[in-house]
2 protein chains.
Amino acid sequence: MESKVKISMKKESRDSKPTIVDVARLAGVSPATVSHVLNKTKRVTPETEEKVLQAVKTLRYQKNALASTLRSRNSQVIGFVTSQLHSIFWLRVIRAVEYTLSQNGYQMFLGCSYGDPARELELIESMLQSMVGGVIIATCINEINEKELPISPQIMNFLEERCVFVDTYPSGMNVDFVGVNNEEASFQLVELLLKKGYRRIAMVNGDSRILTARERRSGFFKALKEYAVSVDERYIFEGKNLGKRTGLEGANYLLSLDSPPEAVFLASGNLTVGFLEGCREKGVRIPGDIELVGFDDIEWTPVIEPFLTCCVQPSWDIGETAASLLLEKIQEKKEGRAKREVRLKCEVVIRNTFQKG
Amino acid sequence: MESKVKISMKKESRDSKPTIVDVARLAGVSPATVSHVLNKTKRVTPETEEKVLQAVKTLRYQKNALASTLRSRNSQVIGFVTSQLHSIFWLRVIRAVEYTLSQNGYQMFLGCSYGDPARELELIESMLQSMVGGVIIATCINEINEKELPISPQIMNFLEERCVFVDTYPSGMNVDFVGVNNEEASFQLVELLLKKGYRRIAMVNGDSRILTARERRSGFFKALKEYAVSVDERYIFEGKNLGKRTGLEGANYLLSLDSPPEAVFLASGNLTVGFLEGCREKGVRIPGDIELVGFDDIEWTPVIEPFLTCCVQPSWDIGETAASLLLEKIQEKKEGRAKREVRLKCEVVIRNTFQKG
DNA sequence: GTGAAAGCGCTAACAT
DNA sequence: ATGTTAGCGCTTTCAC
């Protein structure tokens, strides 16, 4: 008697959501059958299927994703670990990832390391504790260094089996990766300057331990070489990172030289923003006094001067491709398949003075 | 014998992470005790505590968050449902929310409804299925309408008990809310125009079923009234939403009038971007031909002309306050406490022509 | 202060 | 084709 009361208590309480057991009882079948109907994991007669679906409907049953994942070890959640949450570029990538995942019935964890490698690992670990199905990482780790940043074999294994890196990845790691053709696009931008006859061309870039910085730098040098222009070390400014501050510092440095450059290649959108601020402070007019080409578009270009010539990263495609690649990887269980490196192409957008030239 | 083999198999396999049982065994205590040590949920002698912590360390044990949440009904995950993922404003809010949550040991789900109310509800439901502890919502639902968009009592209850709305909320709902002083800030902006002597002042705004649009509109009218300026209906342009396109349409309309306005109040940052595009197309110079004040700053203002006078929303504070409020609400179990409405103040930034005036 | 046992809601293996 | 049973990894009574 006691137990019966308890059971009915449970069924009465309106704040607790219905479980698979409630559905089974109402449909007059076993919980296992309900599970099979909902997951299409075994054939069931149309008759019982109908009963189950009806019960689901009347109870407004929604399955508990946690219990399901815990038991089946199959999660419908993907984590996205980014290293910055500042630029419109990353916002677009996030949007594409979120959209692609949700279209496939997945949810997204979002975490930001703010450029701290240790924090990045913490985020990955905490996502693992929540049994995510996989992770997309915009890493801030340039190189695996067992001394400075030990990574457990478990994490290492996870990074290889259930991750996709975007934009950049730690050098020497064999991982799936989605990025852009940094070298080629940089080459094209610098070539525009060279074709126009400029020879005193500067570069503002970040630390070349960063993959993207390194590749863009390489494109710059390649172009100079192809046009037989010797490198003037005074025109090379390489700051700590690809951020705004570095751009500002680069402007302060380059614009103070005895013979300033005629043209500058800026290796990122944030660098460009900082560089423009520096120009403004120094009273240098853009366009006019100096010619700029930049990697990555800057948001406001369509609205107001200056219209900068740049290459536009396919930010949406980057996110979409990364998400699709990860889902594919997770769903086909082949553990040992070869890693893939996808390079999407940037579009070089020619604006302003170049149109006249 | 058979079972023993199985057990040892289990312990050998290196791909499975250690469980609380493994820790308990190694420390020579029961799983319950390990749980109590880790969660500080009961007093334990320092001696056994030490043993447990040691075992945790050597096994590199990390507790399974899913199992923990499933059993304790206490989740460390918060969902953020946004209605758009386009502007830098929302990026900042997201950043603040993510940061605040992670500082408190929480993880964040991110979902975007893209302005579709039905999708918004789906997102909330799927988060509920994952047993999130609470949700922060930038809603696109202006009004509860049982006919068009039925909301189950369960969801309704959840929205009231474990949610915080940001930026706007459905009219008539009694919920926790974090927003800004839309009316007051708009008043101040329009007052700047009035004090400078303008009388032919226009407004570009979104549909006033949207809370923010309504309040900003109200501030506009209040200012005109206070300065005894009668409203000229031709100068009121109210489009569908607060987006860029509406701003462009507003520019096309207002700049084509026989006697165009001398000054315009733009009720959002995106409206401003669109309006500027319209000005550019029509060859109207800003600043110069027409005076603008805008609600919400636009990203590039510090770098390039035009420097617009505007009010800056405290986007970081909005996100941080919303997250803190939600965590507080969840942690203090008082179910029936009064709802709170927090209004943060915008900073009016006076730039350009106003400085000379 | 500690442990045994039950159970959160689900799915997978094994019967029938 | 369906049901029975066990158990994912954890927390929580309730004994001792």
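First the proteins, then the strands, lettered A, B, ... as listed; each starts at 1.
A pairwise comparison of heavy atoms in A:Ser126 and A:Leu123 identifies OG-O, 3.0 Å as the closest pair.
Look at B:Thr45 and you'll find a side-chain N or O under 4.0 angstrom from OP1 or OP2 of C:dT2. Between A:Ser35 and C:dT11 there is a side-chain N or O to OP1 or OP2 distance below 4.0 Å. A sub-4.0 Å separation between OP1 or OP2 of C:dT11 and a side-chain N or O of A:Ser68 is present. Side-chain N/O atoms of A:Ser30 include one lying less than 4.0 angstrom from OP1 or OP2 on D:dG3.
For the pair B:Glu98 and B:Arg95, the salt-bridge criterion is not met [side-chain N within less than 4.0 Å of a carboxylate O]. A salt bridge links B:Arg340 with B:Glu328: at least one charged nitrogen is closer than 4.0 Å to a carboxylate oxygen.
Counting any heavy atom pair closer than 4.0 Å across all strands shown, B:Lys42 reaches a base atom. Within the 4.0 angstrom heavy-atom criterion, only backbone atoms of the sugar-phosphate kind lie near B:Thr48; the bases stay farther away.
For A:Arg73, counting side-chain heavy atoms from C-beta on, the closest listed nucleotide (D:dG3, C:dG1, D:dG9) is D:dG9. For A:Lys63, the listed nucleotide lying nearest its side chain is C:dT11; candidates were D:dG9, C:dT11, C:dT2. Of the candidates C:dA4, C:dT11, D:dT11, C:dT11 carries the atom nearest the A:Asn39 side chain, counting heavy atoms from C-beta on.
Computed from coordinates, the A:Met131 CE to D:dC8 P distance equals 12 Å when rounded to whole Å. One interatomic measurement links the two molecules: CG of B:Asn64 to P of D:dG7, which rounds to 18 Å at whole-angstrom precision. Rounded to whole Å, the distance from CD1 on A:Ile20 to P on C:dA12 is 11 Å. For B:Leu59 and D:dG9, the CG to P distance is 14 Å, given to the nearest whole Å. For the pair A:Asn74 CG and C:dC10 P, the interatomic distance rounds to 15 Å; values are reported in whole Å. Taking atom NE2 of residue A:His36 and atom P of nucleotide C:dG9, one finds them 20 Å apart after rounding to whole Å. Summarising the geometry, the separation between CG on B:Leu70 and C1' on C:dT11 is reported as 13 Å, rounded to the nearest angstrom. B:Leu38 places its CG atom 8 Å from the P atom of D:dT11, with the value rounded to the nearest Å.
Defined by atom type and a distance below 3.5 Å, a donor-acceptor pair is present between the side-chain atoms of A:Thr139 and A:Glu120.
The CG atom of A:Leu110 sits 7.0 Å away from the CE atom of A:Met127 when rounded to the nearest 0.5 Å.
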